[in-house]
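Taking it in order: structure first as structure tokens, then the write-up.
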Protein chains: 2
Amino acid sequence: MTAAMSSLTDIESVLKALASERRLQILDWLKDPVAHFPPQEHGDPEAHGACNQFIVEKLGVSQPAGSRHLKVLTDAGLVIPTRRKGWVYYRRNEAALADLAALVASI
Amino acid sequence: MTAAMSSLTDIESVLKALASERRLQILDWLKDPVAHFPPQEHGDPEAHGACNQFIVEKLGVSQPAGSRHLKVLTDAGLVIPTRRKGWVYYRRNEAALADLAALVASI
DNA sequence: TGGCGATATAACTATCATGTTATGTGGCTA
DNA sequence: TAGCCACATAACATGATAGTTATATCGCCA
């Protein structure tokens, strides 16, 4: 069950999270982690997504900048982090993205 | 035919226009101008929407601030201005909003 | 044409977003 | 337990947003 997103302010915060070329790029890459990131020795990319480090490198920004983008997406509920063995993997939250699409359709 | 919105940067700019509580509010009001704004002596609210002045007043911000919000929505193609007799009326661009909803659904 | 009412633009200020470098934290692993 | 590696947080610089007041523009109408 995803968080309810009903009021204008809620929509606003999720849209703000989405209104960034970098973060849109991340979500696009995460559609197919295997295709867009190097093979991971630990963590199943299909199940848990790509690790923080790979995403940051592919973005081409500093590690803190990349981590913050991932935090924004996480706080908005658009991606789901999985912490494992010192790495953090991120995958899309398809349910939240579907909710958002429905909300935007109602704007 | 509405402008094509395909690249990530295009989506980004439209999402930025949308990611504002004030602008979301304006779009919501414009769903039913007759219900949300005073009667207009000039300009058909059904056909052309609500005039700048009414929208600004209802927003509760200064006239330039309100006008700028409307400019952002206009530049993003989300509303359509109609200039007539010294007033400017704004109505929703339903085609663009539908395109946007489809794009968000594809994120 | 003179003035007025509606909107646009200019100039400025405050806050937020995004980037950087430096440093802290916390779990492996040798 | 010592050190390393991944990630998080702190502190700061800078550019974009959104608000304000003041002023310019522009079409009606008397």
Side-chain angles (χ1 to χ4, degrees), chain A residues 8-9 12-27 33 37-43 45 48-76 78-91, chain B residues 8-9 12-27 33 37-43 45 48-76 78-91:
Chain A
L8 282 182
T9 43
E12 184 197 7
S13 61
V14 180
L15 287 175
K16 278 188 194 304
L18 212 56
S20 152
E21 190 177 356
R22 303 236 193 243
R23 295 192 287 269
L24 288 168
Q25 181 72 78
I26 291 170
L27 288 170
F37 298 99
Q40 297 175 173
E41 301 186 359
H42 302 287
H48 300 126
C51 78
N52 186 305
Q53 190 183 10
F54 286 169
I55 298 171
V56 168
E57 281 172 6
K58 203 168 170 88
L59 275 180
V61 295
S62 65
Q63 177 263 321
S67 275
R68 188 166 39 189
H69 280 302
L70 287 162
K71 177 170 169 44
V72 171
L73 287 171
T74 302
D75 289 349
L78 298 176
V79 300
I80 300 171
T82 302
R83 258 157 253 274
R84 189 165 172 180
K85 287 202 177 186
W87 285 272
V88 184
Y89 306 95
Y90 291 94
R91 67 183 188 278
Chain B
L8 282 183
T9 43
E12 184 196 8
S13 60
V14 180
L15 287 175
K16 278 189 195 303
L18 211 58
S20 151
E21 191 177 355
R22 303 235 193 245
R23 295 192 288 268
L24 287 168
Q25 181 73 77
I26 291 170
L27 288 171
F37 298 99
Q40 296 174 175
E41 300 186 0
H42 302 285
H48 300 128
C51 78
N52 186 306
Q53 191 182 11
F54 286 168
I55 298 171
V56 167
E57 282 172 5
K58 203 168 170 89
L59 275 180
V61 295
S62 66
Q63 178 263 321
S67 276
R68 188 166 40 185
H69 281 302
L70 287 161
K71 177 169 169 45
V72 171
L73 287 172
T74 303
D75 289 348
L78 298 176
V79 299
I80 300 171
T82 302
R83 259 156 253 273
R84 189 167 172 179
K85 288 201 176 186
W87 286 271
V88 185
Y89 305 96
Y90 291 94
R91 66 182 188 278

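Owing to the predicted nature of the structure, the values given are computational and were not obtained by experimental measurement. Sequence lines set the chain letters: A, B, ... in the order given, protein chains first and strands last, and positions in each chain run from 1.
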Protein-nucleotide distance (N52(A), atom CG; dG26(C), atom C1'), rounded to Å: 15 Å

Sugar-phosphate only, base, or nothing, as touched by K16(A) at under 4.0 Å among non-hydrogen atoms: nothing

Touch class at under 4.0 angstrom, heavy-atom based, for S67(B) against every strand present: sugar-phosphate

Nucleotide dC4(C), atom C1' - distance to NZ of K85(B) in whole Å: 16 Å

Side-chain donor-acceptor contact under 3.5 Å, R91(B) with H48(B): no

Earlier contact from the 5' end, DNA chain C, for R22(A) and R83(B): R83(B)

Residue Q53(A), side-chain heavy atoms: nucleotide from dT7(C), dA6(D), dT20(C) that is nearest: dA6(D)

Whole angstrom value for the distance that separates C1' of dA8(D) from CH2 of W87(A): 17 Å

Heavy-atom check, side chain of S67(A) versus side chain of N52(A), under 4.5 Å: yes

Close side-chain approach of Y89(B) to P81(B), heavy-atom, < 4.5 Å: no

Nearest-Å distance for atom pair CD/P, residues E12(A) and dC16(C): 12 Å

Any N/O donor-acceptor pair, Q63(B) side-chain to dA6(C) base, under 3.5 Å: no

5' priority, DNA chain D, between G60(B) and K71(A) [closest heavy atom]: K71(A)

Short side-chain N/O contact to dG19(C) OP1/OP2 from S62(A), under 4.0 Å: no

Distance in angstrom units between L15(B) CG and dA17(C) P, rounded: 16 Å

Protein-nucleotide distance (Y90(B), atom OH; dA8(C), atom C1'), rounded to Å: 9 Å

H69(B) side chain near dT17(D) phosphate (N/O to OP1/OP2, under 4.0 Å): no

Residue whose closest nucleotide on DNA chain C lies nearer the 5' end, R23(A) versus P64(B): P64(B)

Length of the CZ-C1' vector between R84(B) and dG5(C), whole Å: 18 Å

Euclidean distance, atom CG of residue D75(B) to atom C1' of dA18(D) [Å, nearest integer]: 16 Å

Beyond-backbone contact of Y90(A) with I55(A), side-chain heavy atoms, under 4.5 angstrom: yes

Donor-acceptor under 3.5 Å (R23(B) side chain, K16(B) main chain): yes

